[in-house]
S.K.: 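Before I ask anything, let me first share the structure, which is written out below as structure tokens.
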Amino acid sequence: MGEIVPFQDLNLTPVPAVGNGTAASTTGILKVPKIEPKLEPLDEGPIDAQPLQEQDDAYFQDPAPLNFYSDPQNTSLPQSAIVSAEQDNVYSEYNRISEIFRAAFAKRLEFGDDVTALDPDAGAIVPVNTENEVAPILVPRAQRKYAKRSSELVRVTDLQIEDKRYFREMVRSTRLLFDSFRVFAVAEEQKRLSAMGPYFRKPRGDLLAASVMRDRGLWINRDKRIVGSIPGIEIGDVFFFRMELCVLGMHGQAQAGIDYLPGSQSSNGQPIATSIIVSGGYEDDEDAGDEITYTGHGGQDKFGKHCVHQKLEGGNLAMERSMHYGIEVRVIRGFKYEGSISSKIYVYDGLYKIHHYWFDMGKSGFGVYKFKLSRIEGQEEMGSAILKFAGSLRARPLSVRPTGYIHLDISNRKEIVPVMVFNDIDNFGDPLYHEYLPKTVFPPHLCNSGGSGTGCECVSGCVDGCFCAMKNGGEFAYDQNGFLVRGKPLIFECGRFCKCPPSCRNRVSQRGLRNRMEVFRSRQTGWGVRSLDLIHAGSFVCEYTGVVLTREQAEIFAMSGDTLIYPSRFSNRWTEWGDLSRIYPDYVCPTYPALPPLDFAMDVSRMRNVACYMSHSTTPNVMVQFVLYDHNNLMFPHLMIFATENIPPLREISLDYGVADEVTGKLAICN
DNA sequence: GATAAGTCATGGCA
DNA sequence: CTGCCATGACTTAT
């Protein structure tokens, strides 16, 4: 080994604070006057009288099936919907937008294509706006020119709170784009492939999204090689693809488990490891959470069997050098996760230090390098530990948390999965005193407008181009997995006059809650909501229910001081989900059908559902999307809540309730 | 579970 | 110093 340059000579300088606080103007999760009902102590409430008991039946024990499309036997859904085709003309705008996307994808350049139409000054991708010409989505591989990964090794320290918000928002929007584009790209690529003939392999949305985003220069954290935590990424954040980690600068290797700055790029010629992925791919690994014995890479054949001794080179050498300099590494754990959209999930578990390493005989009889890592103290709880905890909580809530639960299902089996109530802070228990309302109640005349209507004829489920697809502008709002492709002013799901079964892909939000929820008491937000299941970005979470009041009724109610929800005041966060303007410069956010002013309010004072307890945030992880299915009045849509981020179990769900009223200074949600 | 298609960064070489 | 290309890697989906 050559001469060792001491740690302080390494070019490890803190990055100056970047954020200026303008990216996010207000705080994260706030204490707001959401629905603050009259909180009553539980002195003579039902809780003490009826101690909770662990429930063993399927309703409490079975995990919610994520792929509900494989359940055509489920006929419990109401077939009460009236949908007519009268709006067909207003969807021409949708059709036009869809055509742009389809054409863009169809015109993907292949290797060797002529690229003279591309403008070299505008980066890799250029829209060609002549008639009938659209931008290609991918530049031919041979033509791609990417900015190199930086070799400047830095550690980011002392971020101010506004800097943290800035970076969190940057990460959030990047992930949002990755997720929504991934969903979209798979759907479009499938259309393109099927137009060319039969195909056998589902396209990989992770690769498509990452590749297109790289073309557009949308990968982040490439201008610095960051040691330690990545600003904007928190312990416990969950990822579904290795490429997503590359896009975020978390871990730059598409497959390799050790990411490092090679010695050839390092200021002192020494390689430095920055992150590792622990996912059980090496038989000699031992993972005890805080302590890891990590096996170096190499020595395996293509089937994953060791066949030669490992060498102290590449990532292995970088690990040894990081140990020598006392440099921390990020640890990301990979799991198999039942019901996930991808085969594995990846969880950021925080920073570890390498304490020693040795050369050892592996179980295969070939030599391997082993590294002993231990977690740096004082960090947030490990994300992987929370995932495991949530898993046991789903099965045996009262054994895992003997105190705190005051109800195991406030829905009283009105939902498909339980909604529990947890309070280990005080003795308030008002969620127990409201009737649970699984679906919004509309004025009777809306849903009973005669026995005739129009709908699709898809007896075995809706297909591309069917009547209901056309009503949504020629494309369904949801992909084959039930994920929202992009937000729209309004979505038409199939309804009563459709011939399709309840399992139809166009009936996502009317199926109700799919994730086991917990209403919990919090010192910061009063009541809050968290899920025991991992929620995928783009998936339906729940409806925001209440009893619909017309304006006249609402005025009377408001005078009497009841709590009302005004749907028109929810901020238009749906425009962010699927906003591809950073990929398609001429992207137009869907604007049709133009909704009339939503001139109604919802009373949630007596009857409500789990959504009512969600906290407000200006950096929310869910949003409201308007949906129609059981009647046809554009003025009275359902308020459906969809996830805009991957929400790990037990992380608080937050919603943007809209801006504060300028006159009263109150947040808009309450009157 | 074997296999095929796909990607990245690295490192050697011209 | 740059560009090219082979290589290895705890992937992902069928």
Side-chain angles (χ1 to χ4, degrees), chain A residues 111 138 141-151 182 185-186 189-190 193 198-215 219 221-222 225 239-266 269 271-287 292-308 310-311 313-319 329-337 340-347 349 362 368-371 373 384 480-481:
Chain A
F111 183 82
L138 274 185
R141 185 185 308 276
Q143 299 291 323
R144 295 182 198 168
K145 280 206 165 54
Y146 301 130
K148 259 194 170 172
R149 228 178 155 193
S150 166
S151 61
R182 181 178 56 76
V186 170
E189 182 70 350
Q190 282 178 320
L193 291 175
Y199 66 95
F200 305 100
R201 202 168 296 275
K202 191 181 170 193
R204 286 191 46 184
D206 58 326
L207 300 182
L208 284 168
S211 166
V212 170
M213 285 176 72
R214 198 160 108 153
D215 285 346
W219 288 26
N221 292 321
R222 288 175 68 82
R225 191 74 70 99
F239 311 86
F240 291 101
F241 299 93
R242 288 288 291 263
M243 290 312 297
E244 189 178 2
L245 297 170
C246 292
V247 169
L248 299 173
M250 250 320 246
H251 188 87
Q253 304 285 342
Q255 281 190 251
I258 305 172
D259 194 17
Y260 61 102
L261 178 72
S264 60
Q265 295 179 34
S266 169
I272 299 294
T274 52
S275 60
I276 63 171
I277 293 186
V278 187
S279 53
Y282 282 81
E283 58 191 0
D284 298 305
D285 277 358
E286 288 170 36
D287 185 1
I292 307 171
T293 304
Y294 190 78
T295 310
H297 65 193
Q300 288 185 326
D301 61 20
K302 56 187 162 184
F303 308 113
K305 282 213 158 194
H306 282 286
C307 53
V308 292
Q310 289 185 347
K311 294 177 184 143
E313 60 185 18
N316 298 350
L317 181 59
M319 288 288 280
V329 293
R330 295 183 291 273
V331 169
I332 299 138
R333 279 193 172 79
F335 292 89
K336 283 203 186 323
Y337 195 82
S340 166
I341 47 164
S342 59
S343 52
K344 267 184 181 168
I345 67 171
Y346 298 93
V347 186
D349 266 348
V368 294
Y369 280 92
K370 289 186 172 177
F371 301 91
L373 293 93
S384 58
Q480 295 290 351
N481 291 314

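Here is the naming used below: chain letters follow the sequence lines, and residue numbers restart at 1 for every chain.
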S.K.: Out of C:dA9, B:dC8, C:dT12, which nucleotide sits closest to the side chain of A:M243?
M.R.: B:dC8
S.K.: Please give, in whole Å, the distance from B:dT7 P to A:R201 CZ?
M.R.: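 These atoms are roughly 13 Å apart.
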S.K.: With a non-hydrogen cut-off below 4.0 angstrom, is A:R225 in contact with a base, only sugar-phosphate, or nothing?
M.R.: sugar-phosphate
S.K.: Taking atom C1' of B:dG6 as reference, at what distance in whole Å does atom CZ of A:F241 sit?
M.R.: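 Going from A:F241 (CZ) to B:dG6 (C1'), I get 14 Å.
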S.K.: Please report, rounded to the nearest Å, how far the C1' atom of B:dT10 is from the CG atom of A:N316.
M.R.: 14 Å
S.K.: Heavy atoms under 4.0 Å, any strand shown: does A:R242 hit a base, just sugar-phosphate, or nothing?
M.R.: sugar-phosphate
S.K.: Just to be sure I follow the notation: if a pair is Watson-Crick (purine N1 to pyrimidine N3 plus N6-O4 or O6-N4) or a G-U wobble (N1-O2 and O6-N3), each under 3.5 Å, what dot-bracket string does DNA chain B give, with | for pairs to another strand?
M.R.: .||||.||||||||
S.K.: What integer distance in Å separates A:Y346:OH from C:dA9:C1'?
M.R.: 12 Å
S.K.: If you pin A:P203 and A:I258 to their nearest nucleotides in DNA chain C, which one's is more 5'?
M.R.: A:I258
S.K.: Taking CD from A:Q265 and C1' from C:dC1, how many angstroms apart are they, rounded to a whole number?
M.R.: 14 Å
S.K.: So, does A:K344 get its side chain near the phosphate of C:dT11, meaning an N or O under 4.0 Å from OP1 or OP2?
M.R.: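 Yes, because at least one side-chain N or O of A:K344 sits under 4.0 Å from OP1 or OP2 of C:dT11.
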S.K.: Of the options B:dT7, C:dA13, B:dC8, whose atoms approach the side-chain atoms of A:K202 most closely?
M.R.: C:dA13
S.K.: On DNA chain B, does the nearest nucleotide to A:R149 precede the nearest nucleotide to A:L207 from the 5' side, or the other way round? Give the residue.
M.R.: A:L207
S.K.: Would you indicate what A:S279 reaches in the nucleic acid, counting non-hydrogen atoms under 4.0 angstrom: base, sugar-phosphate, or nothing?
M.R.: base
S.K.: Which atoms of nucleotides 11-14 of chain B (N or O only) lie under 3.5 Å from a protein N or O atom, and what are those distances?
M.R.:
| from | atom 1 | to | atom 2 | distance (Å) |
| --- | --- | --- | --- | --- |
| B:dG11 | OP1 | A:Y260 | OH | 3.4 |

S.K.: Report, one line per pair, each donor and acceptor closer than 3.5 Å where one atom sits in a side chain of residues 245-257 of chain A; sequence neighbours left out.
M.R.:
| from | atom 1 | to | atom 2 | distance (Å) |
| --- | --- | --- | --- | --- |
| A:H251 | ND1 | A:S275 | OG | 2.7 |
| A:H251 | NE2 | A:A256 | O | 3.0 |
| A:Q253 | NE2 | A:D259 | OD1 | 3.2 |

S.K.: Can you name the residues that form a side-chain hydrogen bond (donor to acceptor under 3.5 Å, both in side chains) with A:N221, not counting sequence neighbours?
M.R.: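 With neighbours one apart ignored, the set is empty.
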S.K.: What is the distance, to the nearest angstrom, from the CD atom on A:Q253 to the C1' atom on C:dT7?
M.R.: 12 Å
S.K.: Between B:dT7, B:dA9, C:dC10, which nucleotide has the shortest distance from any of its atoms to the side chain of A:H297?
M.R.: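 Selected nucleotide: C:dC10.
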S.K.: Enumerate the residues from residues 244-252 of chain A whose closest heavy atom to DNA chain B is under 4.0 Å, giving them by residue number; use none for an empty result.
M.R.: A:G252
S.K.: Is the backbone N or O of A:F241 less than 3.5 Å from a side-chain atom of A:S342, with the two atoms forming a donor-acceptor pair by type?
M.R.: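 Looks like no, no N/O pair under 3.5 Å.
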S.K.: Considering all heavy atoms of both residues, which atom of A:Y260 and which atom of A:P271 are nearest to each other, and what is their separation?
M.R.: CD1-CB, 4.3 Å
S.K.: Using atom CG of A:D259 as one end and atom C1' of B:dA9 as the other, report the distance to the nearest whole Å.
M.R.: 8 Å
S.K.: Counting distance only, does the side-chain N/O of A:D349 pair as donor-acceptor with the main-chain N or O of A:S384 below 3.5 Å?
M.R.: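 Judged by distance alone, yes, a pair lies under 3.5 Å.
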S.K.: Answer yes or no: is there a donor N or O on one side and an acceptor on the other, between the side chain of A:Y294 and the main chain of A:I277, under 3.5 Å?
M.R.: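 Yes: the side chain of A:Y294 pairs with the backbone of A:I277.
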S.K.: If you pin A:G257 and A:S342 to their nearest nucleotides in DNA chain C, which one's is more 5'?
M.R.: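 Counting from the 5' end, the first nearest nucleotide belongs to A:G257.
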S.K.: Answer whether the closest heavy-atom distance between the side chains of A:L208 and A:R182 falls below 4.5 Å.
M.R.: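 No, every pair of side-chain atoms sits at 4.5 Å or beyond.
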S.K.: For A:R225, enumerate each residue passing the side-chain hydrogen bond (donor to acceptor under 3.5 Å, both in side chains) test, keeping only those at least two apart in sequence or located in another chain.
M.R.: none
S.K.: Test A:R333 against every option in A:I292, A:I276, A:I345 by the side-chain contact (heavy atoms from CB on, under 4.5 Å) rule and name the one that passes.
M.R.: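 The option that passes is A:I292.
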S.K.: Could you check whether A:F335 gets within reach of a base, just the sugar-phosphate, or nothing at all, counting any heavy atom under 4.0 Å?
M.R.: nothing
S.K.: Please confirm whether the backbone N or O of A:H297 pairs with a side-chain atom of A:N316, one donor and one acceptor, at under 3.5 Å?
M.R.: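 A pair under 3.5 Å: yes.
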S.K.: I need the CG-C1' distance between A:L193 and B:dA5, as an integer number of Å.
M.R.: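 Taking atom C1' of B:dA5 as the reference, CG of A:L193 is at 13 Å.
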S.K.: What contact category does A:D285 fall into here, base, sugar-phosphate, or nothing, at under 4.0 angstrom with non-hydrogen atoms?
M.R.: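 Base contact.
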S.K.: Looking at A:D287, A:V329, A:T293, A:V278, which hits side-chain contact (heavy atoms from CB on, under 4.5 Å) with A:L373?
M.R.: A:V329
S.K.: Of all the choices, C:dC10, C:dA9, C:dA13, which nucleotide is nearest to the side chain of A:S343 once you look at every atom?
M.R.: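 My answer, after comparing the listed nucleotides, is C:dA13.
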S.K.: At less than 4.0 Å, is any side-chain N or O atom of A:R214 found next to OP1 or OP2 of B:dA9? Yes or no.
M.R.: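 So the side chain of A:R214 is within the cut-off, an N or O lying under 4.0 Å from OP1 or OP2 of B:dA9.
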S.K.: Quick check: closest heavy atoms across A:A273 and A:I258, and the distance to 0.1 Å?
M.R.: CB-CG2, 4.3 Å
S.K.: Under 3.5 Å, is there a donor-acceptor pair between the side chain of A:Q310 and the main chain of A:Y369?
M.R.: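 Confirmed, A:Q310 side chain pairs with A:Y369 backbone.
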